[in-house]
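To start, the structure itself, in structure tokens.
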Amino acid sequence: WGLDVRALAFTRMALALVVLTDLILRSRDLVAHYSSAGVLPGGPELPYSHLFNLFFQSSELWILFFFILTGIAAVLLLFGYRTKFVTPIVWFLVASLDARNPLVLNSGDHALRIFLFWGMFLPWERRYSFDSLRHKEWGAMPKKIFSVATAAFLVQSASIFFFSGLYKLPYASDWTSNNGVYYMLHSTLSRGVGRSFLEQFPHVISSLSHIVVPFEIIAPLLLLMPIFSATLRTIGLVAILFFESGLLFGMHLAIFPFAIMAAFIGLIPSQLIDGLIRIVRKAGCNNTYYNKIKVFYALGIHGQYRAGENAL
């Protein structure tokens with residue numbers, strides 16, 4: 001159940017981008033949702049207000065200040081600057097923002113907060129970060145690592161889909177009756193930009209209704225298989241990413257699909273990353289700009305070409 005530090009680095013950057021995007025979306029209703037002049041003035045009666053109370057002050061300037069502070073911390077996480085120090089700060093600020101108004105949250109907010117929590121224990125600063133500039137010895141370390149944190153991150157990611165499928169089992173008849181996906185697409189809160197397009201294919205919608213429950217149970221199990229792990233994990237990841245892309249296309253689920261896809265990038269097997277790098281190198285071996293970038297990366301991060309190749 002090990003993970004590749006390169007994939008974890010991409011997850012770090014992707015989750016930071018999700019945090020920044022979420023802040024921009026939330027800022028449109030900053031006064032209405034987070035200030036004392038809004039729909040929820042705030043106070044000790046709110047859940048977790050005794051733990052995450054940074055946003056419970058009445059001043060709008062105070063709320064704006066912490067919005068900006070959260071954005072700055074997310075940018076530092078994106079570029080991997082003092083990552084071990086910044087990651088818990090981002091997690092705490094996001095958790096405080098969620099605690100301020102739980103009425104506007106959805107599953108994506110909870111998933112983002114959970115993945116940031118596990119990120120505190122993951123070495124996702126070892127590649128593609130400013131921290132790696134100061135620790136050149138990281139380039140010689142193994143790309144694939146195994147720890148309690150990597151196992152927990154993997155199990156947590158798989159659990160989201162697995163238990164979602166188990167939750168739907170008592171209502172399996174609603175899905176096997178061809179109506180499950182139809183009802184999802186016509187939910188008032190979940191109308192996506194692609195709904196009208198998908199409605200042109202009722203047989204496809206009917207077939208998908210039969211697939212959703214077994215898919216959500218089987219696909220995450222592929223991520224945990226101890227044998228043929230690279231192949232089965234790749235199949236599971238591709239299937240889940242396509243599934244999330246479909247949700248993004250057909251439904252409006254706020255940041256949920258983005259948080260899921262950002263986290264699942266970290267599960268990409270080392271063999272797949274190595275294969276993609278070989279393809280890119282082969283395709284770009286005669287490309288002047290590619291060679292310039294490669295040499296710059298090697299010299300700038302590790303001081304020599306060979307070390308730069310190992311870091312990739």
Side-chain angles (χ1 to χ4, degrees), residues 1-17 77-87 115-158 220 222-238 240-241 260-285 290-291 293-312:
W1 289 357
L3 298 177
D4 192 294
V5 292
R6 298 166 296 182
L8 290 175
F10 287 121
T11 282
R12 183 199 76 236
M13 293 184 281
L15 287 176
L17 289 174
L77 181 64
L78 172 64
F79 290 103
Y81 182 78
R82 304 289 181 182
T83 311
K84 284 299 182 185
F85 175 73
V86 168
T87 302
F115 291 132
L116 287 172
F117 173 81
W118 288 119
M120 291 190 287
F121 310 101
L122 294 171
W124 58 9
E125 73 281 358
R126 292 189 183 178
R127 293 291 191 275
Y128 317 131
S129 66
F130 279 102
D131 289 340
S132 66
L133 295 173
R134 299 184 296 107
H135 297 275
K136 297 180 180 180
E137 68 276 7
W138 288 349
M141 291 183 176
K143 301 182 184 72
K144 186 175 181 179
I145 59 168
F146 170 78
S147 66
V148 174
T150 61
F153 186 80
L154 184 58
V155 172
Q156 179 75 74
S157 302
L222 297 178
L223 305 177
L224 306 176
M225 287 295 158
I227 58 174
F228 306 111
S229 58
T231 301
L232 294 178
R233 188 184 297 183
T234 299
I235 294 173
L237 278 175
V238 171
I240 289 173
L241 291 177
I260 294 296
M261 289 190 285
F264 274 67
I265 291 173
L267 309 184
I268 298 176
S270 299
Q271 294 89 331
L272 180 58
I273 297 177
D274 293 335
L276 292 174
I277 290 176
R278 284 193 296 268
I279 293 173
V280 172
R281 285 175 176 170
K282 185 176 180 180
C285 61
Y290 171 81
N291 289 327
I293 293 173
K294 184 168 64 174
V295 172
F296 175 78
Y297 180 89
L299 294 176
I301 293 186
H302 293 287
Q304 55 180 346
Y305 177 74
R306 178 57 59 183
E309 280 190 326
N310 292 335
L312 286 171

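Rounding to the nearest 0.5 Å places CZ of Arg82 at 15.0 Å from CG of Leu77. One finds the CG atom of Leu15 at 10.0 Å from the OG1 atom of Thr87 (value rounded to the nearest 0.5 Å). From Ile240, atom CD1 reaches atom CG of Leu222 across 8.0 Å, with rounding to the nearest 0.5 Å. In this structure, NE2 on His135 lies 10.5 Å from CZ on Arg126, to the nearest 0.5 angstrom. Here the CG atom belonging to Leu223 is positioned 8.0 Å from the OG atom belonging to Ser157, to the nearest 0.5 angstrom. Separation of atoms OG (Ser132) and CD (Glu125) is listed at 9.5 Å; rounding is to 0.5 Å.
Ring geometry for Tyr128 against Phe10 counts as tilted: the plane angle lies between 30° and 60°, on a 0 to 90° scale.
Annotation: side chain of Met141 is not in contact with side chain of Arg127 (no heavy-atom distance under 4.5 Å). Counting heavy atoms from C-beta on, the side chains of Phe115 and Thr11 never come closer than 4.5 Å.
Using a cutoff of 4.0 Å between basic side-chain nitrogens and carboxylate oxygens, Asp274 and Arg6 are scored as salt-bridged.
Here the closest heavy-atom approach between residue Ala158 and residue Pro220 is recorded as O-CB, 3.2 Å. Smallest separation of non-hydrogen atoms from Ile268 and Ala7: O-CB, 3.9 Å.
The ring pair (Phe, Tyr, Trp, His ring centres under 6.0 Å) search around Phe121 returns Phe117, not counting sequence neighbours. Residues forming a side chain to side chain donor-acceptor pair (under 3.5 Å) with Arg278 (at least two apart in sequence, or on another chain): none. Under the rule for a side chain to side chain donor-acceptor pair (under 3.5 Å), the partners of Thr83 that lie at least two apart in sequence or sit in another chain are Asp131.
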Using distance only, find each side-chain donor-acceptor pair of residues 145-156 under 3.5 Å and give its atom names and separation, not counting sequence neighbours.
{"unit_1": "Ser147", "atom_1": "OG", "unit_2": "Ala149", "atom_2": "N", "d": "3.3"}
{"unit_1": "Ser147", "atom_1": "OG", "unit_2": "Thr150", "atom_2": "N", "d": "3.3"}
{"unit_1": "Thr150", "atom_1": "OG1", "unit_2": "Trp1", "atom_2": "O", "d": "3.4"}
{"unit_1": "Thr150", "atom_1": "OG1", "unit_2": "Ser147", "atom_2": "N", "d": "2.9"}
{"unit_1": "Thr150", "atom_1": "OG1", "unit_2": "Ser147", "atom_2": "O", "d": "2.8"}
{"unit_1": "Gln156", "atom_1": "OE1", "unit_2": "Trp118", "atom_2": "NE1", "d": "3.2"}

Can you give each donor-acceptor pair under 3.5 Å made by side-chain atoms of residues 230-238, sequence neighbours left out, with the distance rounded to 0.1 Å?
{"unit_1": "Arg233", "atom_1": "NH1", "unit_2": "Gly2", "atom_2": "O", "d": "3.2"}
{"unit_1": "Thr234", "atom_1": "OG1", "unit_2": "Ala230", "atom_2": "O", "d": "2.7"}

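Applying the side-chain hydrogen bond (donor to acceptor under 3.5 Å, both in side chains) test to residues at least two apart or on different chains, the pairs with a partner in residues 262-272 are Asp4-Ser270.
With hydrogens and angles ignored, the 3.5 Å screen pairs a side-chain donor or acceptor of Arg12 with a backbone N or O of Trp124.
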